[in-house]
Amino acid sequence: MAEILQKVIEENRQGEAYAPFAEDPNAYSKKFYIESYGCQMNFSDSEIVASILHEEGFGATRNIEDANLIFINTCSIREKAEQTVRNRLQAFKKMKDEQPGMLIGVLGCMAERLKAKFLEEEKLVDIVVGPDAYRSLPGLITEAEGGQKTVNVLLSREETYADISPVRLDSNGVTAFVSIMRGCNNMCTFCVVPFTRGRERSRDAVSIVAECQDLFNRGFREVTLLGQNVDSYYFTTADGTEITFDKLLEMVAQVSPLLRVRFSTSHPKDITDEVLHTMAKYENICEYIHLPVQSGNTRILQHMNRTYTREWYLAKVKRIREIMPDCGLSTDVISGFCSETEEEHQDTLSLMEIVRFDMAYMFSYSERPGTLAARRYEDDVAEDVKKRRLEEIINLQNGHSRESYKNDIGKTFKVLIEGDSKRSDMDWCGRNSQNKMMVFPKRDYQLQKGDYVNVKVNTATSATLIGEIVD
Ligand code: SAH
Ligand code: SF4
Ligand code: F3S
């Protein structure tokens with residue numbers, strides 16, 4: 001393993017692998033604009049798309065009016081996510097009326113879910129491309145330029161875009177996302193992802209490490225390894241070495257002690273002791289785990305096909321805290337899944353009380369056409385009940401977040417400076433290892449983004465720690 005890594009690092013130092021793009025805005029006569037919705041995978045895919053389009057002579061623009069091509073990278077996870085996209089398409093329609101040559105393309109999960117239906121439903125759309133078909137974009141654009149409406153929504157068992165060096169869009173130059181796998185084999189009954197993203201496949205470990213090394217060489221100081229279920233990462237290299245997620249984490253951590261490593265998302269059934277021990281071993285692997293629970297009730301978890309019980313989840317949390325007492329923990333929760341009773345909802349609240357997450361993403365159940373739950377179960381919890389339960393979950397979590405942040409007052413954390421704080425260019429912002437955002441005055445220190453500093457926390461809100469640099 002160490003040999004592969006060494007080889008990759010050397011190749012990079014010689015500038016052979018992953019030559020970054022020369023980003024000269026004047027080098028491109030045609031311009032594309034891309035807007036992304038949904039999870040980080042989608043934002044990361046947009047950077048792959050940007051790379052493919054660059055090769056075709058399209059430069060990225062942030063100015064929608066300057067674009068010949070408009071792309072919207074879409075999400076299907078909940079009905080509301082799809083509604084947002086439809087609203088945006090309505091806004092694009094007005095622009096297209098004024099600029100007839102403009103082409104509009106729909107990418108991502110909604111493209112995959114609706115396929116050619118999109119062209120019937122939304123007349124203004126010219127190109128529909130699913131997440132595994134971005135390599136065909138140049139051909140599809142050419143056809144669309146000739147007046148043809150085009151669709152490619154083929155899913156693949158192999159595509160990982162391993163050889164494509166993403167063009168970083170809207171980058172702060174310090175933190176970046178690196179996709180390590182695609183698709184999902186889990187079949188949680190509520191979830192549309194297995195249908196929109198296809199079968200799970202892992203990307204070549206050598207190309208992942210090479211991309212991380214290249215990012216480091218270009219000044220980046222944090223990578224987040226992305227996948228729907230990172231713990232089931234599995235790749236066999238050309239020399240027969242088997243690489244599981246803990247090994248991959250180690251390889252990336254060894255790129256440099258100055259490169260922070262994060263990952264998302266972990267599945268409670270798959271996260272192993274090896275991963276936890278690797279996290280504890282390397283100071284630069286951040287002590288933060290996003291561990292979606294979805295529900296605190298075992299019967300509902302079974303209905304969701306999450307394949308763990310309430311007790312299993314609680315045991316996992318205990319294990320994480322045994323190995324890393326200071327590990328940050330966040331989660332996802334769904335309220336009002338099919339047949340959830342009031343008592344079962346109370347189990348979710350009581351699990352949250354026991355664990356006390358630092359942060360959570362909370363949703364009410366939204367039935368997605370074609371999923372196992374839509375086919376098997378009735379969406380029988382009334383909308384107002386779902387909403388009320390969600391509110392209870394949110395209120396409880398808000399208290400826990402406030403408490404978690406308040407408990408950090410007086411502590412000192414190592415922070416990676418990401419840039420100016422949102423509110424003032426007199427302050428820096430950056431995260432601690434536990435993924436909490438910290439804001440602190442720049443003062444007269446000769447620091448820049450990408451530097452590490454120790455920051456002592458003086459005050460806290462429920463989402464930010466405010467402090468000052470200490471030596
Ligand atoms: N792969 C990740 C989650 C991806 S989707 C995992 O397995 O944890 C992100 C979150 O959206 C999920 O964790 C879930 O909480 C939520 N979600 C997914 N489908 C949903 C639906 N139909 N209704 C409401 N929330 C949903
Ligand atoms: Fe969806 Fe479950 Fe896969 Fe996550 S693990 S993407 S929730 S099917
Ligand atoms: Fe949405 Fe697709 Fe991600 S459905 S959450 S963009 S995988």
Side-chain angles (χ1 to χ4, degrees), residues 35-46 49 72-85 106-114 130-132 153 155 177 179-201 226-233 263-271 289-296 300-301 303-308 313 316 330-338 340 348 357 359-375 377 379 381 383 386-387 389-390 393-394 397:
E35 221 170 76
S36 309
Y37 293 87
C39 63
Q40 285 304 336
M41 296 293 296
N42 249 16
F43 285 77
S44 175
D45 280 0
S46 291
V49 168
I72 180 159
N73 198 351
T74 60
C75 174
S76 287
I77 201 81
R78 284 167 291 274
E79 203 182 330
K80 210 171 131 203
E82 292 200 349
Q83 197 48 51
T84 309
V85 168
V106 177
L107 312 176
C109 292
M110 216 174 148
E112 191 63 50
R113 196 177 82 72
L114 291 165
D132 284 348
V153 287
L155 286 172
F177 291 94
S179 163
I180 65 163
M181 58 205 295
R182 300 182 70 81
C184 184
N185 284 356
N186 276 330
M187 288 297 186
C188 302
T189 56
F190 54 79
C191 184
V192 77
V193 172
F195 302 95
T196 61
R197 297 242 155 202
R199 303 293 290 173
E200 178 187 288
R201 66 223 95 121
L226 285 183
Q228 291 299 351
N229 183 10
V230 290
D231 303 286
S232 61
Y233 178 87
F263 53 88
S264 185
T265 306
S266 303
H267 194 297
K269 78 172 160 61
D270 292 322
I271 188 164
I289 301 176
H290 183 62
L291 199 67
V293 64
Q294 316 298 2
S295 164
I300 292 294
L301 287 169
H303 259 58
M304 290 175 160
N305 194 29
R306 290 291 286 182
T307 70
Y308 52 86
Y313 187 90
K316 254 316 157 201
S330 61
T331 199
D332 293 346
V333 184
I334 299 177
S335 79
F337 185 62
C338 312
E340 185 190 68
T348 297
F357 296 102
M359 200 269 287
Y361 297 102
M362 298 155 283
F363 315 101
S364 66
Y365 174 59
S366 160
E367 184 177 83
R368 307 313 294 130
T371 54
L372 293 177
R375 280 184 266 159
Y377 310 128
D379 182 10
V381 178
E383 211 48 45
K386 281 184 192 171
K387 289 278 170 294
R389 289 181 189 169
L390 177 63
I393 290 168
I394 292 174
Q397 182 53 44

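As the structure is a prediction and not an experimental result, all values here were calculated from the model. Remember, it's 1-based here, ligands and their atoms both numbered in the order they're listed.
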Aromatic ring pairing Tyr308/Tyr313, orientation class (parallel under 30°, perpendicular over 60°, tilted between): tilted

Distance from atom 7 (O) of ligand 1 to nearest protein heavy atom, with residue and atom: Arg306 NH1, 3.4 Å

Numbered atoms of ligand 2 (with element) below 4.0 Å of Pro194, judged on heavy atoms: 8 (S)

For atom 8 (S) of ligand 2, the option (of Gly183, Cys188, Cys39) bearing the nearest heavy atom: Cys188

Distance-only donor-acceptor check, side chains Ser264 and Gln40, under 3.5 Å: no

Arg197 heavy atom under 4.0 Å from ligand 3: yes

Ligand 1 contact on Phe190 by region, counting heavy-atom pairs under 4.0 Å: both

Gap separating the CZ atom of Phe195 from the CE atom of Met187, nearest 0.5 angstrom: 4.0 Å

Arg197 and ligand 1 - part of the residue with a heavy-atom distance under 4.0 Å: neither

From CD1 (Ile300) to CZ (Arg306), nearest 0.5 Å: 13.5 Å

Close approach, Ser76 and ligand 3, non-hydrogen under 4.0 angstrom: yes

Arg182 bridged to Asp45 by N-O distance under 4.0 Å: yes

From SG (Cys191) to CD1 (Ile77), nearest 0.5 Å: 4.0 Å

Inter-residue atom distance Thr189.OG1 - Asn305.CG, 0.5 Å rounding: 6.5 Å

Heavy-atom closest contact (His290 atom, Thr265 atom, distance): CD2-CG2, 3.7 Å

Exceeds 12 heavy-atom contacts within 6.0 angstrom, atom NZ of Lys80: no

Whether Met41 lies under 4.0 Å from ligand 1, heavy atom: no

Region of Gln294 that comes within reach of ligand 1 [heavy atoms, distance under 4.0 Å]: side chain

Arg197 near ligand 2 by a heavy-atom separation under 4.0 Å: no

Close-contact set for ligand 2 against Arg306 heavy atoms, below 4.0 Å: 2 (Fe), 7 (S)

Per-residue contact class, Ile77 against ligand 1 - non-hydrogen pairs under 4.0 Å: both

Nitrogen or oxygen of Val193 less than 3.5 angstrom from that of ligand 1: no

Numbered atoms of ligand 2 (with element) below 4.0 Å of Phe190, judged on heavy atoms: 7 (S)

Subset of ligand 1 atoms that lie under 4.0 Å from at least one heavy atom of Pro292: 8 (O)

Cys109 near atom 3 (Fe) of ligand 3: N/O/S under 2.8 Å: no

Atom indices of ligand 1 within 4.0 angstrom of Ser366 heavy atoms, with elements: 21 (C), 22 (N), 23 (N), 24 (C)

2.8 Å cut-off met by an N, O or S atom of Cys75 to atom 1 (Fe) of ligand 3: yes

Side-chain H-bond candidate by donor/acceptor type, Ser36 with Ser46, under 3.5 Å: yes

Atoms in ligand 2 with a heavy atom of Asn186 nearer than 4.0 Å: 3 (Fe), 5 (S)

Which of the ligand 1 atoms, numbered from 1, are nearer than 4.0 Å to a heavy atom of Arg368: 22 (N)

Least distance between heavy atoms, Cys184 atom then Val193 atom: CB-CG1, 4.3 Å

Nitrogen or oxygen of Gln228 less than 3.5 angstrom from that of ligand 1: yes

CZ-OH distance between Phe263 and Tyr233, expressed to the nearest 0.5 angstrom: 15.0 Å

Per-atom contacts, ligand 3 versus Cys39 - under 4.0 Å to a heavy atom: 3 (Fe), 5 (S), 6 (S), 7 (S)

Considering all heavy atoms, the nearest Ser44-Ser179 contact: OG-CB, 3.8 Å

Any N/O pair Ser266/ligand 1 closer than 3.5 Å: no

Heavy-atom pair of closest approach, residues Thr331 and Val293: OG1-N, 2.8 Å

Nearest atoms (heavy-atom pairs only) where Asp132 meets Arg197: OD2-O, 4.2 Å

Nearest non-hydrogen protein atom, atom 1 (Fe) of ligand 2: Cys191 SG, 2.3 Å

Numbering as shown, the atoms of ligand 1 that approach Arg78 to under 4.0 Å (heavy-atom distance): 11 (O), 16 (C), 17 (N), 23 (N), 24 (C), 25 (N), 26 (C)

Shortest non-hydrogen contact from Lys386 toward Gly336: CE-O, 3.5 Å

For ligand 1, the portion of Ser364 having any non-hydrogen atom under 4.0 Å away: backbone

Per-atom contacts, ligand 3 versus Asn42 - under 4.0 Å to a heavy atom: 6 (S)

For Gln228, atoms of ligand 3 separated by under 4.0 Å from a heavy atom: 7 (S)

Ligand 1 N/O within reach of Asp332 N/O, cut-off under 3.5 Å: yes

Protein residue, atom and distance nearest to atom 3 (Fe) of ligand 2, heavy-atom basis: Cys184 SG, 2.3 Å

CG-CD1 distance between Leu291 and Ile271, expressed to the nearest 0.5 angstrom: 6.0 Å

